[in-house]
2 protein chains.
Amino acid sequence: MDCSTRIDVRHTLIEELSTSTHHFCRLSHYDGGVAYESSLVNQLTDRLIAGELRPGARLSETALAKEFDVSRNTLREAFRVLGEQGLVNHIPHRGVSVASPSTADVIDIYRVRRHVECSVLENAPKNHPHADRMREAVEVAETAAAAEDWLLVGTANMTFHNALVSLSDSARLMRTFENVLAELRLAFLKVEFLDFLHAPFVVRNQEVLDAYLSGSSRAAAEMLGTYLGDSERQVLGAYARAGKD
Amino acid sequence: MDCSTRIDVRHTLIEELSTSTHHFCRLSHYDGGVAYESSLVNQLTDRLIAGELRPGARLSETALAKEFDVSRNTLREAFRVLGEQGLVNHIPHRGVSVASPSTADVIDIYRVRRHVECSVLENAPKNHPHADRMREAVEVAETAAAAEDWLLVGTANMTFHNALVSLSDSARLMRTFENVLAELRLAFLKVEFLDFLHAPFVVRNQEVLDAYLSGSSRAAAEMLGTYLGDSERQVLGAYARAGKD
DNA sequence: TAGCATGGATTGTTCAACAAGAATAGACGT
DNA sequence: ACGTCTATTCTTGTTGAACAATCCATGCTA
């Protein structure tokens with residue numbers, strides 16, 4: 001998963017939903033191919049999601065500034081953005097560290113997922129254009145699972161759920177959801193979670209999608225609810241086995 | 001509505017929900033009575049919500065830095081936080097301006113409100129402790145309406161909906177919702193909205209609460225849904241009358 | 001009038017410096 | 001040995017100045 005791919009997963013859908021210039025900066029704000037401050041945020045996000053900066057790791061301002069070849073002040077601005085997104089934890093006079101979601105955080109994250117995803121799916125219009133993206137994601141996941149490319153399965157799974165939330169046609173809901181999913185990714189990294197654990201859920205994505213497409217949104221939302229409950233249990237189980245909290 | 005009151009409305013509930021130290025900085029991060037960087041964010045937020053910095057107004061770095069007696073760099077850090085919260089719009093090389101929600105933004109905000117509030121209410125446990133806060137908010141709103149204190153009615157209304165979302169027991173959902181409500185406040189300010197327009201909704205808050213307390217969460221959620229639809233129409237109508245978009 | 005150049009203003013970014021709080025190590029006493 | 005206190009050291013918080021990059025408005029030219 002190279003950089004551009006990840007950015008695509010995380011930012012493509014929301015761009016299309018954005019009608020006003022409101023969060024223009026946050027989106028792909030390139031000017032003649034040169035990215036501004038958001039470039040630094042994206043670089044940091046990439047490394048966070050890739051697991052190069054492990055959850056809980058302290059991020060030294062001087063060290064990171066040197067590494068990314070920016071000044072401390074510029075880096076601090078990026079830290080504020082990441083802090084607001086929940087990817088890093090900032091404690092005054094103690095610096096920032098990579099967010100290390102606790103058990104309570106995981107539970108909280110899944111609460112958000114249940115409320116947002118289920119509500120969006122239940123109230124989604126009958127033939128939303130983005131349903132195609134969901135189907136595509138399912139297909140990609142299936143072929144990837146057949147080829148045992150678990151990394152691709154994981155990203156396809158993320159794409160599926162992002163596409164699902166995009167059925168709401170709400171840029172803000174998408175943004176919130178993306179931040180939450182990014183946090184969840186850190187939770188995965190924390191317990192050495194491997195992407196192949198996404199595999200059992202490929203078929204359930206399929207089932208949820210079919211239920212929605214057949215017009216029974218309510219049933220689809222309920223299936224998704226139990227789906228998320230199972231997923232949550234799996235993560236919490238991994239936490240317990242790893243002795244994390 | 002003085003500063004401490006507003007902070008109370010915006011941050012008290014979420015503090016209680018926050019079990020981990022994750023977003024500790026964002027919360028009331030005081031140390032011996034001295035607030036750090038978040039103090040500046042709070043000051044700016046206060047002035048934004050109070051309407052002293054009108055929606056759409058450009059925020060000059062040098063001018064604001066002098067006004068708040070901080071350096072440009074420190075101010076820029078605060079800008080990044082506010083930008084991520086949606087209160088401020090940042091366009092590279094053109095500076096920051098107070099968010100000025102468009103019609104599309106208002107629609108988007110109400111989409112979030114419907115998904116979040118309705119889902120939370122429908123799935124709220126039967127006797128959630130925070131239901132008391134909802135009742136208190138309703139009572140405050142009623143007495144304030146009788147006294148024709150429309151400002152207080154408006155804040156009580158915000159308190160009601162914040163308390164409602166807190167039924168989810170999710171700190172992240174609360175944070176998102178607070179940001180969205182703050183943005184909606186800017187939309188109100190944009191069209192010279194006066195808080196007395198909240199008044200007709202006092203009784204409907206009461207009805208929604210009663211439905212929930214009587215155990216019919218589904219009915220309560222549906223009432224809330226139509227409630228929000230009416231509220232949205234009201235705001236959009238004001239936008240149309242004011243010729244805004 | 002349309003297009004273009006120029007100058008002024010603002011933002012983006014860096015650097016060096018110092019203040020302030022936190023963490024570490026060592027001295028001290030029990 | 002253990003805990004406590006202090007002093008040193010490190011990191012972060014914040015500032016001011018400086019310069020580059022970009023935008024904007026003005027006026028010029030065709």
Side-chain angles (χ1 to χ4, degrees), chain A residues 21-45 53-54 56-84 87-100, chain B residues 21-45 53-54 56-84 87-100:
Chain A
T21 60
H22 186 75
H23 281 107
F24 192 56
C25 169
R26 166 74 185 291
L27 310 179
S28 68
H29 200 67
Y30 298 92
D31 209 322
V34 178
Y36 292 100
E37 173 264 348
S38 62
S39 167
L40 179 56
V41 173
N42 285 339
Q43 286 182 54
L44 285 166
T45 304
L53 303 171
R54 308 281 306 179
R58 273 206 57 234
L59 301 178
S60 163
E61 292 187 353
T62 52
L64 263 190
K66 195 188 298 177
E67 191 169 339
F68 285 91
D69 199 41
V70 294
S71 72
R72 266 183 68 212
N73 296 72
T74 301
L75 180 65
R76 284 169 63 88
E77 289 187 22
F79 277 172
R80 292 303 172 277
V81 173
L82 294 173
E84 210 58 25
L87 284 175
V88 302
N89 191 8
H90 175 214
I91 302 179
H93 289 289
R94 284 198 218 175
V96 301
S97 49
V98 182
S100 181
Chain B
T21 59
H22 186 75
H23 281 110
F24 191 55
C25 168
R26 167 73 185 292
L27 309 179
S28 68
H29 200 65
Y30 298 92
D31 208 323
V34 179
Y36 294 98
E37 174 264 344
S38 62
S39 167
L40 179 57
V41 173
N42 285 339
Q43 287 182 55
L44 285 166
T45 304
L53 303 171
R54 308 280 306 179
R58 275 206 58 234
L59 300 178
S60 163
E61 292 187 352
T62 52
L64 263 190
K66 195 188 298 176
E67 189 171 340
F68 284 91
D69 199 41
V70 294
S71 72
R72 265 184 68 214
N73 286 326
T74 302
L75 180 64
R76 283 171 62 88
E77 289 186 24
F79 277 172
R80 292 302 174 279
V81 174
L82 295 174
E84 211 57 26
L87 283 175
V88 134
N89 192 7
H90 175 212
I91 301 178
H93 291 291
R94 284 197 220 172
V96 273
S97 49
V98 182
S100 181

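Labels below follow one simple rule: chain letters A, B, ... track the order of the sequence lines, proteins then strands, and each chain is numbered from 1.
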### Query
Between A:Ile91 (CD1) and C:dG21 (P), how many Å, whole number?
16 Å

### For atom CZ of A:Phe68 and atom P of C:dT14, their distance in whole Å
13 Å

### Query
Taking DNA chain D as the partner, which of residues 56-63 of chain A come within under 4.0 angstrom of it by heavy atom?
A:Arg58, A:Leu59, A:Ser60, A:Glu61

### Query
Nearest of D:dT14, C:dT14, D:dT12 to any side-chain atom of B:Asn73?
C:dT14

### Task
Take the protein atom CG of B:Leu64 and the nucleotide atom P of C:dT10, then report the distance between them rounded to whole Å.
13 Å

### Query
So, is B:His90 close to the C:dT10 phosphate, meaning a side-chain N or O under 4.0 Å from OP1 or OP2?
no

### Task
Could you pull out the closest heavy-atom pair between A:Val81 and B:Glu84, with the gap in Å?
CG1-OE1, 3.5 Å

### Message
Rounded to whole Å, please give me the gap between CZ in A:Phe79 and C1' in C:dT13.
### Response
16 Å

### Query
Minimum heavy-atom separation for B:Arg76 to A:Glu77, with atom names?
NE-OE2, 2.8 Å

### Task
Search all heavy atoms of A:Val96 against all heavy atoms of A:Phe79 and return the closest pair with its distance.
CG2-CE1, 3.2 Å

### Query
A:Thr74 side chain N/O closer than 4.0 Å to the phosphate oxygens (OP1, OP2) of C:dT14?
yes

### Task
Round to the nearest Å and state the distance from A:Leu75 atom CG to D:dT12 atom C1'.
12 Å

### Message
Do A:Leu87 and A:Val98 have side chains that approach each other closer than 4.5 Å (heavy atoms only, starting at C-beta)?
### Response
no

### Task
Let me know the distance between CZ of A:Arg80 and C1' of D:dT12, rounded to the nearest Å.
10 Å

### Query
Just how far, in rounded Å, is C1' of D:dT12 from CZ of A:Arg76?
6 Å

### Side-chain touch B:Leu75/B:Leu44, heavy atoms, less than 4.5 angstrom
yes

### Query
Whole Å only: how far is the NZ atom of A:Lys66 from the P atom of C:dC15?
12 Å

### Message
Between the opening five pairs and the closing five pairs of the helix from C:dT1-D:dA30 to C:dT30-D:dA1, how far apart are the helix axes, to 10°?
### Response
20°

### Message
Counting C-beta onward and ignoring hydrogens, is there a side-chain heavy-atom pair between B:His90 and B:Arg80 closer than 4.5 Å?
### Response
yes

### Presence of donor-acceptor pair under 3.5 Å, side chain of A:Arg94 and base of D:dG13
no

### Query
Closest to the A:Arg72 side chain: D:dG16, C:dA17, C:dT11?
C:dA17

### Query
Within a strict 4.5 Å, meaning less than it, do heavy atoms of the B:Thr62 and B:Arg72 side chains meet?
yes

### Task
Please report the closest heavy-atom contact between B:Ser97 and B:Gly56, naming both atoms and the distance.
CB-O, 3.9 Å

### Shortest non-hydrogen separation from B:Leu40 to B:Ala78 and the atoms involved
CD2-CB, 3.8 Å

